[in-house]
**Q** 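Supplied in structure tokens, the structure appears directly below.
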Amino acid sequence: MDDLLTKRCLPCDPTIWRPMTEETANILIRQVPKWNLENEGGKMKLSRSWKVRTFLNGLKFFKVVANLAEAEGHHPDLHLVGRTNVKIDICTHAVGGLTENDFILATKIDWLHGEDYY
Ligand SMILES: C[C@H](O)[C@H](O)[C@H]1CNC2=NC(N)=NC(=O)C2=N1
């Protein structure tokens, strides 16, 4: 598998794309070890949490993540709860599961170093 950091997310065509199997996801998750693989009623997603120092730092982190998502054309679900608890979930909504796009985005979000917003 090519390095996920050098790959780009591709436009998702739900007529040809299918969600990956749990077996494939359990292999790919090794490449994004800081992320958790979650399965909600059969729909898989990637999830990672950070503690930020301030509410505004959380929003600053979200802004850089948002810019990355727009550049990649693939978007995470952003949660900022209890003022300083950040959680990012990623799945490919068009197929209702995981595709390689999600692992590419997770790799690139790690590169943004959310821990620096503490
Ligand atoms: C055409 C383009 O690929 C789609 O609109 C994108 C936009 N961003 C997306 N983000 C996510 N997470 N899932 C999608 O299915 C998705 N689709």
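Order of listing sets the numbers, starting from 1, for every ligand and every atom in it. We use all heavy atoms of the structure for the numbers below, so side chains are in, but hydrogens, waters and symmetry mates are not.
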**Q** Does any N or O atom in A94 lie less than 3.5 angstrom from one in ligand 1, N or O only?
**A**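 There is such a contact, yes.
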**Q** K51 side chain to E115 main-chain N or O, any donor-acceptor pair under 3.5 Å?
**A**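 Between the backbone of E115 and the side chain of K51 there is no qualifying donor-acceptor contact (under 3.5 Å).
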**Q** Report yes or no: is the cationic atom of R83 (NZ for Lys, CZ for Arg) under 6.0 Å from the centre of the six-membered ring of F55, at an angle within 45° of the ring normal?
**A**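 Not satisfied by the 6.0 Å and 45° rule.
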**Q** Any N/O of H93 closer than 3.5 Å to an N/O of ligand 1?
**A**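 Looking only at distances, the answer is yes, because the N/O contact criterion of under 3.5 Å is met.
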**Q** Is the distance between the ring centroids of W50 and F61 less than 6.0 Å?
**A**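 Yes; F61 has its ring centre under 6.0 Å from that of W50.
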**Q** Are side-chain N/O atoms of S47 and D89 paired as donor and acceptor at under 3.5 Å?
**A**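 D89 and S47 do have a side-chain donor-acceptor pair below 3.5 Å.
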**Q** Among all the protein's non-hydrogen atoms, which is closest to atom 16 (C) of ligand 1, and how far away is it?
**A**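 The closest one turns out to be H74 ND1, 4.1 Å.
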**Q** Less than 4.0 angstrom from a charged side-chain N to a carboxylate O is my criterion; do R48 and D110 meet it?
**A**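 A salt bridge links R48 with D110.
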**Q** Nearest to atom 3 (O) of ligand 1, what protein heavy atom do you find, and at what distance?
**A**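 Of the protein heavy atoms, C12 N, 3.1 Å lies nearest.
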**Q** Taking only residues two or more places apart in sequence, or in another chain, which ones meet R18 in a salt bridge (Lys or Arg N to Asp or Glu O under 4.0 Å)?
**A**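 Result, salt bridge (Lys or Arg N to Asp or Glu O under 4.0 Å) vs R18: none returned.
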**Q** With no hydrogens and no angle check, just 3.5 Å: does a side-chain donor-acceptor pair link N85 and H79?
**A**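 Note: N85 and H79 side chains miss the donor-acceptor criterion.
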**Q** Does atom 12 (N) of ligand 1 have a protein heavy-atom neighbour under 4.0 Å away?
**A**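 Yes.
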**Q** Is the closest N or O pair between H75 and ligand 1 shorter than 3.5 Å?
**A**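 N/O-N/O distance below 3.5 Å exists for this pair.
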**Q** Counting non-hydrogen protein atoms only, what is the nearest one to atom 7 (C) of ligand 1? Give residue, atom name and distance.
**A**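 Atom 7 (C) of ligand 1 sits closest to the protein heavy atom G73 O, 3.4 Å.
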**Q** Looking at T92, which atoms of ligand 1 are within less than 4.0 Å of one of its heavy atoms?
**A**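 Ligand 1 atoms under the 4.0 Å threshold to T92: 13 (N), 15 (O).
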**Q** At the 4.0 Å heavy-atom cut-off, does C91 count as touching ligand 1?
**A**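 Right, C91 reaches ligand 1.
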